[in-house]
Engineer: 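Before I ask anything, let me first share the structure, which is written out below as structure tokens.
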Amino acid sequence: MPEAGRCGSATMHGPARRQHAAAPAAPSGSWAWAIWAAMLPNGCGRRALPCADGRVAPPPSKASAHFAGPEALEPFLNGTDILVCLLPNTPSTRHIIDAGLLARLRPGGGVVNVARGDHLVVDDLIQALESGHLAGAVLDVFDHEPLPPSSPLWDHPRITVTPHVASEAPIADRARYILDVIAQIARGDRPALTFDPTRGY
């Protein structure tokens with residue numbers, strides 16, 4: 001999981017270059033929240049993470065909460081410092097991270113998108129960063145991949161670009177997974193992680 005509460009330097013990787021930029025400090029007296037969104041019917045969860053400066057986390061009763069449904073989006077965002085997007089890519093989630101959503105995050109917060117590039121309106125994010133409303137962003141996914149060398153995201157001082165490589169499983173593990181799926185189908189079982197075209201994930 002990203003170290004959402006860490007305050008310090010950010011590393012940006014671009015074509016044949018690496019650049020370091022000072023990351024803006026977290027808002028004074030606020031908490032860095034780690035956000036993860038499960039599949040839409042299950043809602044979202046939120047948990048507090050202490051910053052690297054050693055601040056003590058809130059009591060457990062206040063450190064976690066559960067949100068579900070469109071009516072819960074407003075309070076979910078209003079209490080969020082760092083939004084981590086893990087949503088599936090569906091028509092209802094396309095461009096969900098837009099100017100309106102970003103404006104509802106707490107001032108000085110940030111965005112981490114490790115889901116799909118279609119979720120984010122890039123121009124709206126840049127505007128939120130340059131206005132000072134947001135302190136930074138980490139982007140792992142993009143509308144066009146690989147990210148073109150001409151993209152302004154490479155050199156933006158408040159954006160960290162990562163290479164969209166979640167893991168590289170050993171060949172033996174991949175082969176074992178394929179054999180397990182074949183065995184499940186042969187038994188008449190439904191394989192795990194089956195794509196549902198009606199849901200889009």
Engineer: In Å and rounded to the nearest 0.5 Å, what is the CD to CZ distance from Glu168 to Arg174?
Structural biologist: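 One gets 7.5 Å once the value is rounded to the nearest 0.5 Å.
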
Engineer: When you look at CD of Glu145, are more than 12 heavy atoms from neighbouring residues, nucleotides or ligands closer to it than 6.0 Å?
Structural biologist: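 Counting neighbours around CD of Glu145, more than 12 heavy atoms of other residues, nucleotides or ligands fall under 6.0 Å, so yes.
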
Engineer: One pair to check against side chain to side chain contact (heavy atoms under 4.5 Å, CB included): Glu74 and Arg104. What are the steps and the verdict?
Structural biologist: CA-CA 7 Å; Glu74 189 79 22; Arg104 284 180 277 178; 2.9 Å; yes

Engineer: Testing Asn113, Leu102, Leu101 one by one against Leu83 for a side-chain contact (heavy atoms from CB on, under 4.5 Å), which residue passes?
Structural biologist: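 Single side-chain contact (heavy atoms from CB on, under 4.5 Å) partner of Leu83 among Asn113, Leu102, Leu101: Leu101.
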
Engineer: Got Asp180 and Ile182 here, is their nearest side-chain heavy-atom distance under 4.5 Å?
Structural biologist: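 When only atoms from C-beta onward are counted, Ile182 and Asp180 do not touch, as no gap falls below 4.5 Å.
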
Engineer: Would you say Arg106 and Thr80 make side-chain contact, with heavy atoms under 4.5 Å?
Structural biologist: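 The answer is no, as the side chains (C-beta and beyond) never meet within the 4.5 Å cut-off.
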
Engineer: CD/Gln127 to NE2/His133 distance, rounded to the nearest 0.5 angstrom?
Structural biologist: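 Gln127 atom CD to His133 atom NE2 measures 11.0 Å (nearest 0.5 Å).
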
Engineer: Would you find a donor on one side and an acceptor on the other, under 3.5 Å apart, between the side chain of Thr90 and the backbone of Gly200?
Structural biologist: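 No, Thr90 side chain to Gly200 backbone: no donor-acceptor pair under 3.5 Å.
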
Engineer: Quick one: NE2 on His119 to CG on Leu86, what's the gap to the nearest 0.5 Å?
Structural biologist: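 Output value for this atom pair is 9.5 Å.
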
Engineer: Treat each ILVMFWY residue as a node, draw an edge where side-chain heavy atoms are under 4.5 Å apart, and state whether Leu193 and Val181 are in one component.
Structural biologist: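 Per the 4.5 Å side-chain linkage, Leu193 and Val181 are co-clustered.
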
Engineer: Do Val121 and Val111 share a hydrophobic cluster (ILVMFWY, side-chain heavy atoms under 4.5 Å, transitive)?
Structural biologist: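 No, no single cluster joins them.
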
Engineer: So, Asp189 side chain and Ile185 main chain: donor-acceptor pair closer than 3.5 Å or not?
Structural biologist: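 Judged by distance alone, no pair lies under 3.5 Å.
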
Engineer: Are Phe76 and Leu87 linked, directly or through other ILVMFWY residues, by side chains that come within less than 4.5 angstrom of each other?
Structural biologist: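 Phe76 and Leu87: one cluster.
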
Engineer: Under 3.5 Å, which donor-acceptor pairs do the side chains of residues 134-141 form with other protein atoms, sequence neighbours left out?
Structural biologist:
{"residue": "Asp140", "atom": "OD1", "partner": "Thr162", "partner atom": "OG1", "Å": "2.7"}
{"residue": "Asp140", "atom": "OD1", "partner": "His164", "partner atom": "N", "Å": "2.7"}

Engineer: Is a donor on one side and an acceptor on the other found under 3.5 Å between the side chain of Ser131 and the backbone of Ala128?
Structural biologist: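 Flag set: sc Ser131 to bb Ala128 pair under 3.5 Å.
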
Engineer: Let me confirm one number: the CD1-CG distance from Ile97 to Asp124, rounded to the nearest 0.5 Å.
Structural biologist: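 Going from CD1 on Ile97 over to CG on Asp124, the span is 10.5 Å.
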
Engineer: Nearest 0.5 angstrom please: Ile126 CD1 to Leu120 CG, how far?
Structural biologist: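 The CD1 atom of Ile126 sits 9.0 Å away from the CG atom of Leu120.
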
Engineer: How long is the span from the CD1 atom in Ile82 to the CG atom in Leu105, to the nearest 0.5 Å?
Structural biologist: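 That separation rounds to 10.5 Å.
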
Engineer: Are any of the side-chain heavy atoms of Arg94 and Arg116 separated by less than 4.5 Å?
Structural biologist: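 Not touching, per the 4.5 Å side-chain cut-off.
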
Engineer: Quick check: are there more than 12 heavy atoms from other residues, nucleotides or ligands sitting under 6.0 Å from CD1 of Ile171?
Structural biologist: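 Atom CD1 in Ile171 is not packed in, count stays at 12 or less.
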
Engineer: Flag the pair Phe142 / Asp118 as yes when at least one side-chain heavy-atom distance between them is below 4.5 Å, and no otherwise.
Structural biologist: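 Answer no - side chains too far apart.
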
